[in-house]
Amino acid sequence: MPDLPSVFTPLALREGGDAMARAVALAAERGAGLLAWVGAYARAEAAVVLEPELSLAEARLALLAAANALADALVVLGPPEAIIALRWPAEVLVNGGHCGGLRLAAPPGTGEAAVPDWLVVGFELALAFPPGHESGHHPDRTCLEEEGFEAPSAAALTAAWARHLMAGLDRWQSQGPRKLLEDCLARLEDGRDEAGLRRGIDPRSGALVLEGDGARRLVPLA
C-alpha cells in the first residue's frame, strides 16, 4: 500500500475477502479511519469507516463523496482519453461500460434524523477480466485493463481513492456540500427518461431532483 494520510489505518484482506463486511463488523470497535481493502489481481475493493456529525439523511452524501473521489482517482491513474462517469446513484462507468460501484452502510435501526454512530462507505472495481472471460457475453461491462489502464493495482487505486476522499470530506465539512454536488452532477450520465429535465441533488437527503414540464420527481440516494 502506498503512503496514506495518517487518519487512515489500513487493514489488508486476502484475495476473496469482503472489505465492506469486514469494515462494518469492526466499525464500532475500531472507529473512524479504518480502511479495509482487498489485494487481488482482478478486482479492487475497499471500505472505510466514518463517524459523521450529521443526521443519517444528510450524512448519506458520503456515498456521493466516495463516488466522486473514486472518479477523481481514476482520472489521475488512467489514460487521458478515458471517460469516467457516474450512473445514479453510485455506479462507475469507464468509457460507457459498467466497471464497478459503491455502497453505504449504517448501524441497523438508525433513524433518518439521528446521527449514526458510524458509516461505512466502500467500492468495488474490476481491474481485469478473469482468464477465459468472453466480453461478448457482457458487452455492457468493462475493466480498467480493457480501457487502457497500465498495470492497474488494487493498492494504488485504494490509496488514491482514500486521499481524494479525505480531501473531498474536508472540503464538504469546511465549505458545505455545494461543490460536491456540482461535481457529481457534472459526472452523472444522462438517464434514459431524463431528456430535457433539469437535474439537481437535494443536500438534505441526497436525492436526485428531476424537474420539467411543471413536474418534480425525487430519486432517492439508496
Side-chain angles (χ1 to χ4, degrees), residues 13 15-21 23 36-48 60-105 120-162 164-165 168 180-181 183-195 197 199 201 206-208 210 219-222:
L13 306 177
E15 185 165 356
D18 187 328
M20 191 77 182
W37 69 286
V38 176
Y41 162 73
R43 68 187 177 101
E45 183 181 339
V48 66
R60 279 202 183 94
L61 291 181
L63 180 61
L64 299 182
N68 200 55
L70 185 56
D72 284 340
L74 290 173
V75 168
V76 171
L77 297 174
E81 68 275 11
I83 299 173
I84 312 300
L86 301 174
R87 177 178 292 159
W88 188 263
E91 185 177 344
V92 179
L93 309 178
V94 180
N95 294 329
H98 170 88
C99 194
L102 300 98
R103 292 183 290 162
L104 182 76
V120 173
V121 63
F123 78 86
E124 184 172 2
L125 207 66
L127 301 178
F129 287 135
H133 172 84
E134 296 183 14
S135 57
H137 290 172
H138 300 284
D140 60 330
R141 293 181 174 268
T142 190
C143 65
L144 298 189
E145 191 176 68
E146 282 285 301
E147 303 303 333
F149 285 70
E150 294 186 7
S153 157
L157 183 59
T158 298
W161 175 65
H164 285 287
L165 178 60
L180 165 63
L181 302 184
D183 289 346
C184 288
L185 281 172
R187 285 197 163 114
L188 199 60
E189 71 159 0
D190 292 332
R192 294 178 181 177
D193 59 347
E194 296 172 16
L197 298 180
R199 300 189 298 184
I201 298 175
L208 179 66
L210 302 173
V219 184
L221 178 63

If we only count heavy atoms from C-beta on, is the Trp88 to Ile201 side-chain gap below 4.5 Å? yes
Neighbour count >12 (heavy atoms, 6.0 Å) for atom CZ, Arg199: yes
Considering only heavy atoms from C-beta outward, does the side chain of Leu157 approach that of Leu70 to under 4.5 Å? yes
Do the side chains of Leu221 and Leu104 get nearer than 4.5 Å, heavy atoms only? no
Over 12 foreign heavy atoms within 6.0 Å of CD1, Ile83: no
For a quick test of your reading: what N or O donor-acceptor pairs under 3.5 Å do the side chains of residues 120-130 make, sequence neighbours left out?
none

Stepwise, does the side-chain contact (heavy atoms from CB on, under 4.5 Å) test hold for Thr142 with Asn95? CA-CA 9 Å; Thr142 190; Asn95 294 329; over 6 Å; no
Just checking Glu150: does its CD atom have more than 12 heavy atoms from other residues, nucleotides or ligands closer to it than 6.0 angstrom? no
Working to the nearest 0.5 angstrom, can you tell me the gap between Leu61 CG and Asn68 CG? 11.5 Å
Heavy-atom side-chain proximity of Leu188 to Leu208 below 4.5 angstrom: yes
Test side-chain contact (heavy atoms from CB on, under 4.5 Å) on Val75 and Arg187 and set out the steps. CA-CA 12 Å; Val75 168; Arg187 285 197 163 114; 3.9 Å; yes
Evaluate side-chain contact (heavy atoms from CB on, under 4.5 Å) for Ile84 paired with Val94, printing each intermediate quantity in order. CA-CA 5 Å; Ile84 312 300; Val94 180; 4.0 Å; yes
Does Trp37 reach the main-chain N or O of Ala155 with its side chain, forming a donor-acceptor pair under 3.5 Å? no
Residue pair Asp18, Val38: steps toward the side-chain contact (heavy atoms from CB on, under 4.5 Å) verdict: CA-CA 7 Å; Asp18 187 328; Val38 176; over 6 Å; no
